[in-house]
2 protein chains.
Amino acid sequence: MSTGVNLKELAAELKLSPSTVSRALNDSYEISEATKKKVVFMAEKLNYQPNPFARSLRENKSKTIAVVMPERMSSFFAKVIDGIEEVTQQHGYHLLVYSTHEDVEREKKIVNLLMNGRADAIVMSVSSQTSDISHLARLHERGFPLIFFDRICSEIPTTKFITNDYESSYEGTKHLIQQGCRKIAFLMLSKELSITKERYRGYLDALKAAGLSPTPSLQVTCAHEEENNIEAIRAMLMSEDRPDGLVSSVEKLALATYHAVKRTNIKIPEDLKIISFFSNLSIAGLLTPSLTTITQPAFTIGEECAKLLIKKLTKPRQPDLPNQLISIPSKITIRSSTIAV
Amino acid sequence: MSTGVNLKELAAELKLSPSTVSRALNDSYEISEATKKKVVFMAEKLNYQPNPFARSLRENKSKTIAVVMPERMSSFFAKVIDGIEEVTQQHGYHLLVYSTHEDVEREKKIVNLLMNGRADAIVMSVSSQTSDISHLARLHERGFPLIFFDRICSEIPTTKFITNDYESSYEGTKHLIQQGCRKIAFLMLSKELSITKERYRGYLDALKAAGLSPTPSLQVTCAHEEENNIEAIRAMLMSEDRPDGLVSSVEKLALATYHAVKRTNIKIPEDLKIISFFSNLSIAGLLTPSLTTITQPAFTIGEECAKLLIKKLTKPRQPDLPNQLISIPSKITIRSSTIAV
DNA sequence: TTAAAATACGGAAACGTTTGCGATATTATT
DNA sequence: AATAATATCGCAAACGTTTCCGTATTTTAA
């Protein structure tokens, strides 16, 4: 595979030195307008493309951002990356995308590989297994630009973008209560996850505010394997203490719940009302009955992550990413799954 | 941001020359086992990470593969990338991922950027707008490794991975006919797309084989905007010549059809039977009624693309990617949406 | 015992950029 | 008119690897 002409060849063609050509292409003040024109014209003509690795080596930056997330087949993460790409592409940045598949070991391997400077920054959402955060701490201590979104790592003092997990969960639970629910289940992934902690807290506080007490058996922690989740949820739905309402803290568990319900004779919303954090709006409306959702601003979260990073990476003397938690509110859309009958 | 030690510093620490250390780490036969041990040990101790750009510059390869696809929020493409990542990660390759959002201009920009060698190969599925393929032809003429999947570009003589589009569509249409359908609609994206051409051909041939003639007004070409698609489909479903069966050539149009049907009093499968190319199996079972699907082997397609590329890129003297069309069969799963009543 | 071959390592060039510094020619200043 | 300032460009180093080549030492062959 032959890459096209390089700087030296372009310079030879112009009877100029490589340094002059380089400066001309980078619009340096040291070069006259006349030669700039000539250089740019010839560069176009020969379709000169600067070698990205030579440039990266020299400038010690890659114009690349790495995105590390737990899974690819999730409309939430897909939208976040779309948002990131939207702004990074405008600034000529490239995206390395990695999926950990909820596996910490894979996450560690990826993060360690990224320490060699292949990317200028990392924006990530941690895996549900992540409890040991030494790999992330090391990254940050080295001064590597690191941003978290959604599933954050609060111990690491950097910028994190989330939605208002607590409030949304509180409001969602409150909505169920207002619709007459008294025994409300809560579905979550690992309890270590920042989002489950916050959403669980909102759920509990809403119960308490209504004078309800949580039922431990109705709080089920799920895993990666869908079929197992469906069965666990079905068992819970059919138990003695069966719930009349359910809050799912993530999209996939709402789908698992619909599957579980299909295996019973439970009726939604008559016997069970459901609300879930959910990003795939098109699907939410197609479920039967349509699902009341807490919609995270996925695309915006991605955009904001990228904007901050681009600023940090392109402006000359930027400080470290501040230790702040930026919350962008979700929106609750009431559909049939929580309509009182 | 401080990257760790480099080769020179590591060599100094060991009182060896950089060349020796480099060879030791690359397990060269010129280095004694004793010093290899010492070098590897010290490298581990100092956490030496080779600079990827220096290596890329020198070796003229990036250990990176670019994936270019039309959209990210599609379970099919997500699964394909998962498949690609599964094998590339095992070989230490990285993935640059780009979404064209079905926009040719964006596709061209991305492809042209990729010509500078930032990636060692491209695996792509073209946008629905792509009719001018000069950017892809140029890429291939330069000897750049290029693989197509799903939405291929048949004019370019390289390897393409698809599913058995024609046969699956033929069988799917035949299934509708067997269930009693006589007026069968066909939904597609751009007619330029390889997949619509093949799937449309299968549809037509199945009609012909059954002695049915296609109705032009039942063949609707959709676009990017979901709401427009829904309305176009609804209009078609409510027209004089309303269909009693429907084949959707892509997943998103099946969802649009369910939305359209919700706005009418049409009953599935009583009034209308539906089959679609569809990858999100979990969702297919949750639709009401559950959707009969033609499931493409998305993950496998990704794996096969990656395997071929890895072989081409890592083995010493590999020939160019052969001009071949590799078909991996889809699987039809019959669900309620096509059950005769 | 001596020449040849194998072993183990170092020096330096090369990959393609960017940039500090020096050099020349041109213009402005006094 | 002599000097200083400015404009424009080239030389060479540097980024961190890999690898060609040379060299010194040791081993093998005759």
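A, B, ... follow the sequence lines: proteins, then strands. Residue 1 opens every chain. In this text, all values refer to a predicted model and were calculated from it rather than measured experimentally.
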**OP:** Return the 5'-most residue of the pair B:Tyr29, A:Arg55 with respect to DNA chain C, ranking by each residue's nearest nucleotide.
**Re:** B:Tyr29
Side chains of [X] and [Y]: donor-acceptor distance under 3.5 Å anywhere?
X: A:Glu107; Y: A:His135; answer: yes
X: A:Ser127; Y: A:Glu102; answer: no
X: A:Ser17; Y: A:Thr20; answer: yes

Contact class for [X] (heavy atom, under 4.0 Å): base, sugar-phosphate, or nothing?
X: A:Thr35; value: sugar-phosphate
X: A:Leu7; value: base
X: B:Leu57; value: base
X: A:Ser19; value: base
X: A:Glu30; value: base
X: B:Gln49; value: sugar-phosphate

Original post:
Looking only at N and O atoms, is any donor in the side chain of A:Arg23 or the base of C:dG20 less than 3.5 Å from an acceptor on the other one?
Top reply: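 Looking at the base of C:dG20, it does pair with a donor or acceptor on the side chain of A:Arg23 (distance under 3.5 Å).
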May I ask you to verify if any side-chain N or O of [X] is less than 4.0 angstrom from the OP1 or OP2 atom of [N]?
X: A:Asn51; N: C:dC15; value: no
X: B:Ser17; N: C:dG10; value: yes
X: A:Ser32; N: D:dC9; value: yes
X: A:Ser22; N: C:dT18; value: yes

Original post:
Could you state the CD-C1' distance from B:Glu9 to D:dA14, rounded to the nearest angstrom?
Top reply: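 Computing the B:Glu9:CD to D:dA14:C1' distance gives 14 Å.
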**OP:** Round to a whole Å and report the spacing from CG of B:Leu10 to C1' of D:dT17.
**Re:**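 Rounding to the nearest Å, CG of B:Leu10 and C1' of D:dT17 are 13 Å apart.
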Subject >> Salt bridge A:Lys312-A:Asp320, side-chain N to carboxylate O under 4.0 Å >> reply: yes
